[in-house]
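Report on one structure; see the data block that follows.
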Amino acid sequence: MIDRLIALLVLGVVLGAPFGLTLLLTTELLVNFVFFYPLFMSGIWMAGGMYFWLHWERKWSWRPSPAPPLRGDPLVSILVPCFNEARNARETLAAALNQEYPHVEVIAINDGSSDETAAVLDRLAMHDPRLRIVHLARNQGKAMALRMGTLAARGEYLVCIDGDALLAPDAVNYLAAPLVEHKRVGAVTGNPRIRTRSTLIGRVQVGEFSSIIGLIKRTQRVYGQLFTVSGVCAAFRRAAVDQVGYWSLDMVTEDMDITWKLQRAQWSVLYEPRALCWILMPETLRGLWKQRRRWARGGAEVFIKNLPSIGHDKYCRLWLLMADYFLSVLWAFSLALTVVLWLAGLVLALPAELQVSIIVPPSFTGMVLAMVCIAQFLISAMIDRRYEPGLMRALYWIVWYPFAFWLINFLTILATFPLVMLKARRQRARWTSPDRGIKELT
């Protein structure tokens with residue numbers, strides 16, 4: 001009941017704050033917030049990414065070295081939840097089994113697939129004793145698949161990937177090393193890279209994972225916590241996952257939820273950019289919208305679930321994440337209000353303090369935003385060139401992605417945030433086959 005009241009209060013603040021500010025301080029503040037908040041956040045991400053690079057990555061780039069050994073040669077269990085992955089399972093499991101680190105077991109969990117996944121997995125298991133298969137009678141969702149895989153695993157360290165992801169040969173070393181060396185590290189997230197690039201949507205996502213997501217994760221690690229691990233490529237300490245009750249079955253994005261559960265239990269979550277994993281992403285507008293709407297819904301669920309319980313000062317390192325998310329939601333509704341006032345002003349005689357005369361940034365502001373987009377990409381390309389040497393060749397397609405990122409963020413928040421905040425109870429989260437792109441990178 002308290003969670004429900006807090007949800008309604010937050011929703012009221014988010015919906016009412018832009019209008020209240022408009023009445024008190026005119027639309028000038030509203031328009032400035034809409035235009036300059038993305039600019040401010042880009043500056044924060046660039047500064048955080050540069051600090052992370054200067055403090056850690058620079059020495060990696062200057063002194064290429066083999067992947068770190070794992071002290072004691074512990075068994076690492078690679079969990080691969082699969083739902084309708086008959087086309088991708090062979091390649092994914094081959095990459096998992098061909099790790100440079102030899103002491104691994106691979107557990108593929110067939111989550112009630114309706115295609116030939118079960119038969120494909122059973123045939124593959126006959127050729128390598130390190131591969132074991134867990135069959136679920138019906139689709140239970142990725143969170144349940146990961147739970148079942150954890151129960152079947154023999155290792156203390158769990159590397160979790162999607163059924164269409166390709167681990168780099170040294171990825172297990174990089175993912176597991178911080179867990180082995182530091183007892184308070186509960187999870188390590190890797191560095192997903194895009195391999196579907198046959199359309200403009202596919203190409204610009206290459207820029208997203210470097211100039212947006214990569215910089216955000218680096219920045220969040222600088223101030224201490226991550227909003228989410230990458231569910232497609234992450235490692236966990238089994239004891240930490242067991243302590244927090246495993247992955248929640250009613251959360252749309254189980255990776256966001258487990259990240260917050262671990263951090264609330266005082267486990268550290270790290271970002272390891274050298275742990276590469278090549279993934280498939282949507283290459284159609286419909287597939288992209290479905291994926292990003294799911295991500296937005298998951299962010300809202302995590303926000304409302306954790307907001308009532310992080311007031312204690314022991315959670316102070318999570319407050320910046322909460323503030324960042326709240327401001328992004330406030331920005332989306334502020335932009336929506338700006339558009340509404342601008343359209344209303346075309347047909348109605350609004351009071352002077354409610355009039356929005358322009359909806360497109362002035363030329364100088366637009367130039368500044370464009371220059372920041374270019375600077376953000378150049379910085380991210382400089383940092384990420386070690387992991388993807390040809391990144392600069394994608395400049396033409398990528399440089400405007402920050403604008404697309406904020407537009408997608410705006411639309412998905414408007415579509416999902418109010419519904420999540422007003423929903424009384426969540427149901428079991430199950431998955432469907434996503435858009436995997438049109439053509440893979442060769």
Side-chain angles (χ1 to χ4, degrees), residues 52 56 67-68 70-71 74-81 96 99 101 104 107 142-147 149-151 153 155-162 165 167-168 170-192 213-214 216-249 251 253-277 279 295 298-299 301-302 305-306 310 314-315 317-318 320-321:
F52 188 97
W56 290 291
L70 301 185
R71 181 165 46 88
L75 176 65
V76 176
S77 300
I78 303 176
L79 309 184
V80 190
Q99 289 294 295
Y101 182 71
V104 299
I107 301 174
K142 185 177 178 181
M144 178 60 80
L146 289 171
R147 284 190 178 197
T150 300
L151 294 177
E156 169 61 16
Y157 307 110
L158 312 171
V159 172
C160 303
I161 63 174
D162 282 355
L167 283 174
D170 55 4
V172 163
N173 292 73
Y174 283 119
L175 287 169
L179 298 171
V180 174
E181 297 299 327
H182 306 286
K183 298 304 182 184
R184 290 308 304 170
V185 173
V188 180
T189 183
N191 186 1
I213 294 178
I216 289 175
K217 288 191 182 299
R218 288 175 174 90
T219 302
Q220 290 176 349
R221 271 309 307 161
V222 167
Y223 63 71
Q225 304 289 344
L226 293 181
F227 194 88
T228 180
V229 299
S230 296
V232 69
C233 176
F236 299 90
R237 184 184 302 276
R238 185 184 188 128
V241 172
D242 180 68
Q243 180 188 341
V244 300
Y246 302 95
W247 293 264
S248 299
L249 302 180
M251 301 294 285
T253 49
E254 80 296 326
D255 48 358
M256 293 183 189
D257 179 67
I258 193 70
T259 307
W260 280 77
K261 289 168 73 172
L262 289 170
Q263 291 175 147
R264 285 177 54 191
Q266 305 302 307
W267 291 96
S268 294
V269 179
L270 303 184
Y271 173 55
E272 176 48 81
R274 294 172 293 179
L276 301 179
C277 179
I279 64 174
W295 290 2
E301 288 182 350
V302 166
K305 177 180 178 179
N306 290 278
I310 65 166
K314 70 178 181 179
Y315 301 127
R317 296 174 68 188
L318 294 170
L320 281 176
L321 294 180

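Here the shortest heavy-atom pairing between Val80 and Asp162 reads CG1-O, 3.9 Å. Taking every heavy atom of both residues into account, Ala153 and Ile107 meet most closely at CA-CD1, 3.4 Å. Taking every heavy atom of both residues into account, Arg147 and Gly245 meet most closely at NH2-O, 3.4 Å. The shortest heavy-atom contact between Asp170 and Ala67 is CB-CB, 3.8 Å. Ala239 and Glu156 get closest at one heavy-atom pair: N-OE2, 3.3 Å. Taking both residues in full, the closest heavy atoms of Ala176 and Leu70 are given as CB-CD1, 3.8 Å, listed atom of the first, atom of the second, then distance.
One finds the CD1 atom of Ile310 at 8.5 Å from the CG atom of Leu321 (value rounded to the nearest 0.5 Å). Interatomic distance, CD1 of Ile213 versus OG of Ser230, reported as 7.0 Å (0.5 Å rounding). Here the CG-SG distance, from Leu175 to Cys160, works out to 10.0 Å after rounding to the nearest 0.5 Å. In this structure, CG on Leu270 lies 9.0 Å from CH2 on Trp56, to the nearest 0.5 angstrom. Atom CG of residue Asp255 and atom CH2 of residue Trp295 lie 9.0 Å apart, to the nearest 0.5 angstrom. With values rounded to the nearest 0.5 angstrom, Cys277 atom SG is found 5.0 Å from Leu167 atom CG.
Put simply, the side chain of Lys217 gets close to the backbone of Thr228: a donor and an acceptor are under 3.5 Å apart. The closest donor-acceptor contact from the side chain of Arg238 to the backbone of Val241 lies at 3.5 Å or more, if one exists at all. Under a 3.5 Å cut-off, the side chain of Arg264 and the backbone N or O of Trp260 do not form any donor-acceptor pair. A donor-acceptor pair is defined here as one N or O able to donate and one able to accept, closer than 3.5 Å; no such pair exists between the side chain of Arg317 and the backbone of Tyr223. Judged purely by atom type and a 3.5 angstrom limit, Gln263 uses its side chain to pair as donor or acceptor with the backbone of Leu226.
With salt bridges taken as basic N to acidic carboxylate O contacts below 4.0 Å, one links Glu254 and Lys142.
Within the structure, salt bridge (Lys or Arg N to Asp or Glu O under 4.0 Å) contacts touching residues 173-187 (residues at least two apart or in different chains) are Arg71-Glu181.
Counting only heavy atoms from C-beta outward, the side chains of Glu272 and Thr189 never approach each other to under 4.5 Å. No side-chain heavy atom of Val188 sits under 4.5 Å from any side-chain heavy atom of Val269. Phe236 is not listed as a side-chain neighbour of Val159, based on a closest heavy-atom distance of 4.5 Å or more. With a 4.5 Å cut-off on side-chain heavy atoms, Leu320 and Gln225 do not count as touching. Tyr157 has its side chain out of reach of Ser77: every pair of non-hydrogen atoms, C-beta onward, lies at least 4.5 Å apart. A heavy-atom distance below 4.5 Å is found between the side chains of Val302 and Met251. Side-chain contact between Val104 and Val172 is present, with at least one heavy-atom pair separated by less than 4.5 Å. Within the 4.5 Å cutoff, the side chain of Leu79 has heavy atoms near those of the Thr150 side chain.
Between the side chains of Ser248 and Lys261, at least one donor N or O lies within less than 3.5 Å of an accepting N or O.
By the side-chain contact (heavy atoms from CB on, under 4.5 Å) test, Asn191 pairs with Arg193, Tyr271, Pro273, Leu276, Tyr387, sequence neighbours left out. In this view, Ala240 and Arg237, Leu262, Trp267 satisfy the side-chain contact (heavy atoms from CB on, under 4.5 Å) rule, not counting sequence neighbours.
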